[in-house]
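What follows is a short report on a single structure.
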2 protein chains.
Amino acid sequence: MTPVNLKSLAEQLNMSIATVSRALRDSHEVSEATKARVRALATALNYEPNAYASSLRRNLSKTIGVVIPKVANHFFALAINGIEEAARQSGYHVLIYLTHDDYAREVSIVQHLKGGRIDGLLMSVASGTEDFAHIKSLQETNLPIVFFDRVCAEVPTAKVTTNDYESGYRATEHLIQAGCQHIAHLLISNNLSIGQFRQQGYLDALQAHGRAHAPDLVLPGVMDNEQNVVLIRELLQRRPDIDGIFASVERLAISTYHVCRELGRRIPDDIKIIGFSNLEAASLLAPPLSTITQPAYDIGREAAKILLRAVEKKKPVLPSQSLVLESTLFERDSTARR
Amino acid sequence: MTPVNLKSLAEQLNMSIATVSRALRDSHEVSEATKARVRALATALNYEPNAYASSLRRNLSKTIGVVIPKVANHFFALAINGIEEAARQSGYHVLIYLTHDDYAREVSIVQHLKGGRIDGLLMSVASGTEDFAHIKSLQETNLPIVFFDRVCAEVPTAKVTTNDYESGYRATEHLIQAGCQHIAHLLISNNLSIGQFRQQGYLDALQAHGRAHAPDLVLPGVMDNEQNVVLIRELLQRRPDIDGIFASVERLAISTYHVCRELGRRIPDDIKIIGFSNLEAASLLAPPLSTITQPAYDIGREAAKILLRAVEKKKPVLPSQSLVLESTLFERDSTARR
DNA sequence: GCAGCTACCGAAAACGTTTGCGTAAATAAA
DNA sequence: TTTATTTACGCAAACGTTTTCGGTAGCTGC
């Protein structure tokens, strides 16, 4: 069985490889008659151009990379959904890499991407990452990068985020208006910029409503879920007066539900909870969870579109192309006034 | 700025390209002394081999493809997690494609994969797919394929699934033992083999317990969620005697919760529900949902391992390498006896 | 009849890597 | 000493595609 490539096609058609290639790319330097002959044979033999030869020659892979902390999370899953959609529409392929929020793994992945495997990168940095040299070094190879959600402030490029400050502010204000006196903030991580924005919103909302800020009401989450449960239990036992919780990330809200059930705290009677979440079943929880829901699909799609525009036009991605999308606050029973 | 490739390295080291290449691949045909010199410069200049040149020459891309219906679904997200883990351990990259359960899209994706972009394929077929010619044709190019969960019976290769028949049987039996008289089955799709297995388990369990089988109690789900809500509402209104529901897929269980809430049916008092689901928050629902939970992460990882073994050894994947993993039944309040 | 077009096509050089083969020197065996 | 064998490296041909640089026709307008 002979391989079906440009050479074999050219031989069967009695023409040069160059002509076959041009015919398939619909070049104007080839007559309609020969184009038709070439196309007929190509489809008959199910010809598909070798992606690697093409990529090598054109220095273009038609592939983008996505580096994210995890995929088993509705936010990132939806984001990938949007990314894949945008990529498919432009004929691009999507390579996926998971850091599991591990700095060393992130560095290793980013280093490997220097091999020219991708034309552009979409990234949401690991929560443990503090040094961004690996990313900067990648950007210096002229690879376009767009950050989404967990952005890296130090790298000058476009970022797609949500209005995290306002969301933190509104969530906190919502708890205040529901009657909460002592509101804790369960933070993602200390060094993520989105976490800092949400934290600032929380602080400003407290201040605007004349509440004192107690530093021991802010709990930075960790990677491990079991560990988080322990930390939250500790917090609720140390400060039994806490009657409101703002969780900056879904899994912390879920962990809080478990802890409350364990400690016999009634939601929303004893304690009210609101959290960032893209959980579809939020309205079916007991009680239904009030959420700040990010437009995850749109974040992914818009980030990909910005990246792909830059890739296609061979222009760098500018910080000015950054986008801020709006989250939505859904009031449900977990913050109901009683 | 000169590019950093084998040629530039060779020039700076005053040796041939071949030697540099061999040194970096740790060939025994190169002295330790020169290896050291080469490696030193390579790391100093942050050399990363061009993936496409290498792939072209070796006819190996170190990349596998994953074709799945969707990613915004905890089962598939976990499966990808397992796949990525196995791939990373073997130094492979993961390309991801979503069919959105659309046959035409699946065909188009599979056709594109003939370009040699991947060394192997992991696939969960779209629920609408009835003709498998596109997959067979891809397999004829000697590309190793491994199916997982939503397998394709007609293609002779390895498949990684769960014990779907037994799970369907046990779920149905569980409802019977909880006191249900009229049990409906909400099916994924008529032409998926896993759906047929679950359905057969449902039927056999009914028969084993002397229950008559009413064909109008079996509802094949559709793609659209809104549509499913309508169908389920219709079913519950047409057959008000239904007091047990076995949902073959998570979103049908969720839709059933919504319908029950809307119609004022109390779970589990009026109607009991069990469903296939990987929802983490299942225990926090109102009421907590009884589930058959598939080992999604393991399914993905094992499928990837089988595929990668075949790829590395350049041997075809045999149907005899198929694997059946066990699902777990979690009893929760949605099927509690009252 | 001739320069200047256009329309079509082919030869060949890239892209960066891997690898079969050749070969010189060094070492071992005879 | 001569003859194998090993060690360490270079040359050059691939892999399949794209693209530059032509080149040959057949036109047009003068």
Side-chain angles (χ1 to χ4, degrees), chain A residues 2-39 41-42 45-63 91 112 114-119 141-142 314, chain B residues 2-39 41-42 45-63 91 112 114-119 141-142 314:
Chain A
T2 60
V4 40
N5 51 24
L6 288 186
K7 192 174 167 191
S8 72
L9 287 182
E11 278 168 6
Q12 293 179 60
L13 290 165
N14 265 324
M15 52 179 82
S16 76
I17 295 177
T19 303
V20 178
S21 172
R22 279 193 274 248
L24 291 173
R25 317 198 109 258
D26 203 21
S27 157
H28 60 278
E29 293 192 63
V30 104
S31 72
E32 285 305 323
T34 44
K35 272 185 196 172
R37 283 183 59 211
V38 172
R39 279 198 277 252
L41 187 65
L45 297 186
N46 248 318
Y47 168 75
E48 196 70 29
N50 183 296
Y52 295 110
S54 173
S55 297
L56 175 60
R57 176 56 227 246
R58 315 210 313 170
N59 201 21
L60 261 186
S61 63
K62 280 271 179 188
T63 303
H112 274 296
K114 285 184 191 158
R117 200 176 276 271
I118 56 174
D119 296 339
T141 67
N142 288 322
K314 296 184 192 300
Chain B
T2 60
V4 40
N5 51 24
L6 289 186
K7 191 173 168 191
S8 72
L9 287 182
E11 279 169 6
Q12 292 179 59
L13 289 165
N14 267 324
M15 52 180 81
S16 76
I17 295 177
T19 303
V20 179
S21 171
R22 280 192 272 248
L24 292 172
R25 316 198 112 257
D26 204 22
S27 158
H28 61 277
E29 295 191 63
V30 167
S31 72
E32 285 304 323
T34 43
K35 273 185 196 172
R37 283 183 59 211
V38 172
R39 280 199 276 253
L41 187 65
L45 297 186
N46 247 316
Y47 168 75
E48 195 70 29
N50 183 297
Y52 295 111
S54 172
S55 297
L56 175 60
R57 176 58 226 248
R58 314 212 310 167
N59 200 23
L60 262 187
S61 63
K62 281 273 179 184
T63 304
H112 274 295
K114 286 185 190 155
R117 199 176 276 273
I118 57 174
D119 296 340
T141 67
N142 288 322
K314 295 183 192 302

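Protein chains get the first letters and strands the later ones, always in sequence-line order, with residue 1 at the start of each. Just so we're clear, the structure is a prediction, and the values are computed from it rather than from any experiment. Side-chain atoms are counted along with the backbone in the values below, which use heavy atoms only and exclude waters and symmetry mates.
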* **Nearest-0.5 Å distance that lies between atom CG in Leu13(A) and atom OG1 in Thr34(A)** => 9.5 Å
* Asked: Does Ser54(B) put a side-chain nitrogen or oxygen below 4.0 Å from OP1 or OP2 of dT17(C)?
  -> no
* To do: Treat primed atoms plus P, OP1 and OP2 as sugar-phosphate and everything else as base, then score nucleotides 19-28 of chain C 5' to 3': B for base contact with protein heavy atoms under 4.0 Å, S for sugar-phosphate contact only, - for none.
  => BB--------
* Of the non-hydrogen atoms in Tyr47(B) and Asn5(B), which two are nearest, and what is the gap between them? -> CE1-CA, 3.7 Å
* Asked: Which comes earlier along DNA chain D counting from the 5' end, the contact point of Ala53(B) or that of Ser31(B), where each point is its nearest nucleotide?
  -> Ser31(B)
* To do: For Leu6(A) and dC9(C), give me the distance from atom CG to atom C1', rounded to whole Å.
  => 15 Å
* Taking side chain to side chain contact (heavy atoms under 4.5 Å, CB included) as the test, write out the residues that go with Asn59(B), two or more places apart. => none
* To do: Report the residues that fulfil side-chain hydrogen bond (donor to acceptor under 3.5 Å, both in side chains) with Lys114(B), sequence neighbours left out, ordered by chain and then residue number.
  => Gln111(B), Ser137(B)
* **Residue closer to the 5' end of DNA chain D, Glu32(B) versus Leu56(B) (nearest nucleotide)** => Glu32(B)
* Boundaries of the DNA chain D segment in contact with chain A, non-hydrogen, under 4.0 Å -> dG16(D) to dT20(D)
* Return the set of residues passing side chain to side chain contact (heavy atoms under 4.5 Å, CB included) with Arg58(A) (not counting sequence neighbours), or none when no residue passes. => Arg25(A), Ser54(A), Leu60(A)
* Structure fact -> By side-chain hydrogen bond (donor to acceptor under 3.5 Å, both in side chains), Asp26(B) pairs with (sequence neighbours left out) Lys35(B)
* Asked: In whole angstrom, what separates Tyr52(A)'s OH from dA14(C)'s P?
  -> 26 Å
* Residues in side-chain hydrogen bond (donor to acceptor under 3.5 Å, both in side chains) with Ser27(A), at least two apart? -> none
* To do: With heavy atoms under 4.0 Å as the rule, sort Thr34(A) into base, sugar-phosphate or nothing.
  => sugar-phosphate
* Asked: Tell me: CG of Asn59(A) to C1' of dT17(C), nearest whole Å?
  -> 14 Å
* Pair listing, salt bridge (Lys or Arg N to Asp or Glu O under 4.0 Å) test, anchored in residues 4-24 of chain B, at least two apart -> none
* Whole angstrom is fine here: how far is it from CG in Asn14(A) over to P in dC8(C)? => 20 Å
* Structure fact -> Ser61(B) meets the side chain to side chain contact (heavy atoms under 4.5 Å, CB included) criterion, sequence neighbours left out, with Tyr52(A), Ser55(B), Thr63(B), Asp119(B)
